[in-house]
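What follows is a single structure, written as structure tokens, with notes after it.
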Amino acid sequence: MNPGPAGSEPDDAPTDGTDRLSLPEEFLLLALRDADGRRQLSRSVLKVGLAGAKLAELAALGAIELRGRNVVATGLTTATSLDHELELIRDKSRPHTAQHWVSHFESGRELHRVFESLAQKGIVDHVGARAFGVIPVTRYPERNHDYEARVLQRIRDALAGGTADARTATLVGLLDATGLLPRLVGRDADAAALKELTHHQWPAHAVAAELGAIAYAEEEART
């Protein structure tokens with residue numbers, strides 16, 4: 001069950017002319033409840049997970065890689081919506097760890113941008129509402145289940161021992177690191193298969209480390 005080469009085309013790539021989703025889009029799509037479009041994780045956890053998904057997308061495209069403990073740009077030019085993030089990594093005078101970049105890329109604005117990207121593609125609806133009749137909120141209930149169904153099938157196949165492409169393995173790692181995976185596939189996922197899939201997924205490890213650091217800081221603040 002070895003992941004395919006980074007950037008390889010996943011089995012669920014659309015063949016009907018629609019866009020393939022990026023890892024940030026896949027991650028946030030899975031983080032929404034289908035019926036009402038509410039988040040299944042806290043906003044803070046989603047921001048960290050999305051930051052890790054950005055690193056994972058750039059790595060899958062071959063634009064960055066992990067050398068030792070640090071993330072470096074490879075020099076490969078590729079078409080991506082993450083040009084700003086790539087330029088930040090490329091232009092630093094010295095390299096930084098993956099956890100540093102996860103912390104740096106956390107952004108509530110980016111959550112909104114990616115959710116709106118899903119809405120523009122007709123995968124979810126943009127629904128405005130007011131919590132308690134006062135606070136404006138936005139929900140993104142599912143409109144087209146085909147995308148999510150394909151992604152979930154990739155994940156289930158991978159956890160059942162099938163061949164997993166690199167993007168699926170990375171996505172599973174991100175879902176596991178943020179605690180979202182059990183909500184999607186239950187708690188009976190094969191532990192050995194999960195470990196094999198996620199062992200080398202450094203963006204997911206960086207997400208787990210950042211969430212751990214946040215939890216530690218919050219605990220320290222309470223004592």
Side-chain angles (χ1 to χ4, degrees), residues 1-35 37 39-41 45-46 48-63 65-66 78 80 98 114-115 117-118 121-124 140-208 211:
M1 185 178 52
N2 295 321
S8 58
E9 193 77 6
D11 292 338
D12 78 321
T15 58
D16 58 359
T18 56
D19 295 330
R20 184 184 69 187
L21 300 186
S22 67
L23 283 166
E25 289 172 326
E26 289 185 341
F27 173 74
L28 287 191
L29 176 61
L30 293 174
L32 293 171
R33 295 197 313 206
D34 294 350
R39 301 187 304 264
Q40 298 196 72
L41 298 173
V45 172
L46 280 186
V48 175
L50 177 59
K54 288 183 176 184
L55 287 179
E57 180 70 14
L58 288 172
L61 293 171
E65 63 184 14
L66 193 69
T78 183
T80 173
V114 177
F115 281 137
S117 173
L118 293 170
K121 292 179 179 180
I123 300 170
V124 298
Y140 295 94
E142 191 172 66
R143 182 179 182 183
N144 181 347
H145 185 65
D146 291 346
Y147 282 88
E148 183 178 357
R150 287 193 293 262
V151 176
L152 286 173
Q153 190 60 55
R154 277 167 43 206
I155 292 169
R156 294 190 179 104
D157 289 347
L159 290 172
T163 300
D165 62 87
R167 284 177 173 270
T168 301
T170 300
L171 181 60
V172 171
L174 293 169
L175 297 172
D176 184 49
T178 55
L180 186 56
L181 188 63
R183 300 177 185 232
L184 300 173
V185 300
R187 299 186 179 275
D188 55 352
D190 184 86
L194 179 59
K195 182 177 180 180
E196 184 178 349
L197 272 175
T198 61
H199 180 65
H200 296 294
Q201 302 305 324
W202 58 266
H205 299 327
V207 166
L211 289 174

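Using a 4.5 Å heavy-atom threshold, the side chains of F27 and L46 count as touching. Within the 4.5 Å cutoff, the side chain of F115 has no heavy atoms near those of the V124 side chain. Side-chain contact check for L174 versus L180: every heavy-atom pair is 4.5 Å or farther apart.
Taking each heavy atom of A169 and L197 in turn, the nearest pair found is CB-O, 3.8 Å. Of all heavy-atom pairs spanning L30 and L184, the tightest one is O-CD2, 3.7 Å. Nearest heavy atom pair, residue P24 against residue V114, reads O-CG1, 3.8 Å. Across R33 and Q40, no two heavy atoms sit closer than the pair CG-CG, 3.5 Å. Between P203 and G52, the shortest heavy-atom contact is CB-O, 3.7 Å.
A donor-acceptor pair under 3.5 Å is absent between the side-chain atoms of H205 and the main chain of A177, judged by distance alone.
L55 contributes atom CG, which lies 10.0 Å from atom CG of L66 (distance to the nearest 0.5 angstrom). Taking CG from L32 and CD from E142, the interatomic distance works out to 8.5 Å, rounded to the nearest 0.5 Å. To the nearest 0.5 Å, atoms CG (L171) and OG1 (T198) are separated by 12.0 Å. The distance from atom OG1 of T170 to atom CH2 of W202, rounded to the nearest 0.5 Å, is 9.0 Å. Between the CG atom of D176 and the NZ atom of K195 there is a distance of 12.5 Å, given to the nearest 0.5 Å. The CZ atom of R143 sits 14.5 Å away from atom NZ of K121, with the distance rounded to the nearest 0.5 Å.
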Next item on the list: Take Y140 and L118 through the side-chain contact (heavy atoms from CB on, under 4.5 Å) test and state the conclusion after the steps.
Entry: CA-CA 9 Å; Y140 295 94; L118 293 170; over 6 Å; no
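Other residues, nucleotides and ligands contribute over 12 non-hydrogen atoms within 6.0 Å of the NE2 atom of H145.
Residue R154 forms a side chain to side chain contact (heavy atoms under 4.5 Å, CB included) with just one option from L159, V172, T168, and that option is T168. Only one option out of L175, I155, L21 pairs with E26 in a side chain to side chain contact (heavy atoms under 4.5 Å, CB included); it is L21.
Side chain to side chain, E57 and T80 fail the donor-acceptor criterion of an N or O pair below 3.5 Å.
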